[in-house]
Peer 1: 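Let me begin by handing over the structure; questions about it come next.
Because the structure is a prediction, the values reported are computed rather than measured. What's counted below: heavy atoms across the whole structure, side chains too, no hydrogens, waters or symmetry copies. Below, chain A is the first sequence line, B the second, and so on; all start at residue 1.
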Protein chains: 2
Amino acid sequence: MRNENGGDRTERIRRVFQEYLRGRNVKCTDARRKVLEAVLDLREHFEAEQVLYFLRERSERVGKATVYRTLPLLVEAGILREVRFDVKHTHYELAFGEAPHDHMVCGRCGRIIEFGSNEVTKLRSKIARQHGFRVTGHRFQITGVCKDCAAAFPAAGQQR
Amino acid sequence: MRNENGGDRTERIRRVFQEYLRGRNVKCTDARRKVLEAVLDLREHFEAEQVLYFLRERSERVGKATVYRTLPLLVEAGILREVRFDVKHTHYELAFGEAPHDHMVCGRCGRIIEFGSNEVTKLRSKIARQHGFRVTGHRFQITGVCKDCAAAFPAAGQQR
DNA sequence: ATGCTTGCAAAACGTTTGCACAGGG
DNA sequence: CCCTGTGCAAACGTTTTGCAAGCAT
């Protein structure tokens with residue numbers, strides 16, 4: 001169930017990380033490599049704590065602080081992307097080579113549905129142009145009730 | 001610099017809150033009224049702590065817990081809206097009677113530019129329909145560099 | 001060898017909660 | 001009067017930081 005996109009991509013990501021570290025004059029250490037491997041295996045949306053658990057399960061000795069210090073590096077390297085579903089945790093997802101996408105979050109079961117952002121990106125450019133704003137990114141999240149939950153609770157999600 | 005939209009709207013909001021509380025069989029207390037007055041004066045984007053400071057400055061005795069317990073009430077009453085600019089704090093803005101809008105955030109100076117969401121709302125409905133998702137809301141944020149900063153630092157914002 | 005990196009524990013941060021008391025309906 | 005709301009302080013969970021020791025270059 002892991003890395004089914006083939007080792008190519010994984011290998012390419014490893015190289016990207018290494019190059020990024022080298023470029024920033026930051027050391028390529030064992031701990032950082034282990035964090036990278038963990039997020040490559042987790043792949044879906046995850047939070048820092050899950051990376052930690054994952055490493056613990058495999059009895060990899062990586063400190064909590066190191067995980068928290070490495071994730072931002074992976075973001076800057078373009079390998080991860082921050083996704084914010086709630087205030088309490090910071091969520092991450094693998095971004096490298098993924099088509100840009102956004103999320104719908106079901107307020108009832110918590111399910112996260114991804115959808116492509118072509119149109120969102122187009123709209124965002126249009127809006128930014130009108131304001132002389134130079135875009136670097138966006139975050140678009142639709143909240144509501146997913147199909148299954150809507151079927152199970154027909155009355156739900158009508159508020160407001 | 002405060003309440004320049006005239007007391008009408010302010011007065012209307014007060015009534016909305018009162019009615020909301022009555023409807024939910026929740027008491028209209030002094031503390032809750034003070035929190036409301038604070039957010040009416042703050043108006044722009046603010047966080048819980050700022051409400052607290054504001055009240056402290058005016059030597060209004062309202063506990064931190066009460067502020068944190070009242071803000072969600074104001075959201076449910078449709079007076080405030082949650083806006084999330086960063087992970088650490090929950091931001092709020094006055095929503096009552098405002099045309100729905102979203103935000104561009106300048107990563108250099110922190111400026112927040114609002115823009116209307118008609119098209120965003122249309123797009124969101126279209127996407128949701130494709131997935132059988134029942135929408136209750138959305139959050140759309142464009143990140144980048146504002147006009148002024150782009151002029152001041154022509155090289156900025158080209159990364160990624 | 002040097003100095004960035006680590007891991008631990010403790011701090012920090014915004015937010016929530018438990019509780020005895022106050023106050024609204 | 002009753003029951004909800006209050007305020008304080010302490011608890012909470014995530015993230016950050018200070019520091020001595022470890023390791024990559």
Peer 1: To the nearest Å, how far apart are A:Leu71 CG and C:dT5 C1'?
Peer 2: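 Computing the A:Leu71:CG to C:dT5:C1' distance gives 16 Å.
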Peer 1: Do any pairs count as a salt bridge (charged side-chain N to carboxylate O under 4.0 Å, His left out) and have a residue in residues 138-152 of chain A, sequence neighbours left out, and if so which ones?
Peer 2: A:Arg111-A:Asp148
Peer 1: How sharply is the helix from C:dA1-D:dT25 to C:dG25-D:dC1 bent, taking the axes over five pairs at either end and rounding to 10 degrees?
Peer 2: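 Answer for the end axes of this duplex: 30°.
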Peer 1: Tell me yes or no: between the side chains of A:His89 and A:Gln50, is some donor less than 3.5 Å from an acceptor?
Peer 2: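 No - no donor-acceptor pair under 3.5 Å links their side chains.
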Peer 1: Return the value, rounded to whole Å, for the distance between atom CZ of A:Arg24 and atom P of D:dT25.
Peer 2: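 Interatomic distance, CZ of A:Arg24 to P of D:dT25: 16 Å.
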Peer 1: For A:His45, what residues pass the ring-ring contact (aromatic ring centres under 6.0 Å, His included) criterion, not counting sequence neighbours?
Peer 2: A:Phe85, A:His103
Peer 1: Okay, side chain of A:Arg9, backbone of A:Phe96: is any donor-acceptor separation there less than 3.5 Å?
Peer 2: yes
Peer 1: Whole-Å distance between D:dG7 C1' and B:Leu52 CG?
Peer 2: 11 Å
Peer 1: Measure the acute angle between the ring planes of A:Phe115 and A:Phe140, then classify it against the limits of 30° and 60° as parallel, tilted or perpendicular.
Peer 2: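 Answer is perpendicular, since the angle exceeds 60°.
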Peer 1: Rounded to whole Å, how long is the line connecting atom CD of A:Gln18 with atom C1' of D:dT25?
Peer 2: 14 Å
Peer 1: Rounded to the nearest Å, what distance is computed from the NZ atom of residue B:Lys34 to the C1' atom of nucleotide D:dT6?
Peer 2: 11 Å
Peer 1: I'd like to check the side chain to side chain contact (heavy atoms under 4.5 Å, CB included) partners of B:Arg33; sequence neighbours left out, ordered by chain and number.
Peer 2: B:Cys28, B:Asp30
Peer 1: Write down the distance between CZ (A:Phe46) and C1' (D:dT14), rounded to a whole number of angstrom.
Peer 2: 16 Å
Peer 1: Nearest of C:dT5, D:dT6, C:dG7 to any side-chain atom of B:Arg32?
Peer 2: D:dT6
Peer 1: Rounded to whole Å, please give me the gap between CG in B:Leu21 and P in D:dT4.
Peer 2: 15 Å
Peer 1: Generate the contact string for nucleotides 15-25 of chain C. Rules: B means base contact, S means sugar-phosphate contact only, - means no protein heavy atom under 4.0 Å.
Peer 2: BBBB----BBS
Peer 1: A:Arg61: which residues meet the side chain to side chain contact (heavy atoms under 4.5 Å, CB included) condition with it, sequence neighbours left out?
Peer 2: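 For A:Arg61, no residue satisfies side chain to side chain contact (heavy atoms under 4.5 Å, CB included) once neighbours in sequence are set aside.
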Peer 1: Are any side-chain N or O atoms of B:Thr143 and backbone N or O atoms of A:Gly137, one a donor and one an acceptor, separated by less than 3.5 Å?
Peer 2: yes
Peer 1: Using modelled atom types only, decide if a donor and an acceptor are shared between the side chain of B:Arg32 and the backbone of B:Lys27 within a distance under 3.5 Å.
Peer 2: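 Between the backbone of B:Lys27 and the side chain of B:Arg32 there is a qualifying donor-acceptor contact (under 3.5 Å).
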Peer 1: Between D:dT6 atom P and B:Glu60 atom CD, what is the distance in whole Å?
Peer 2: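 Spelled out: CD on B:Glu60 to P on D:dT6 is 14 Å.
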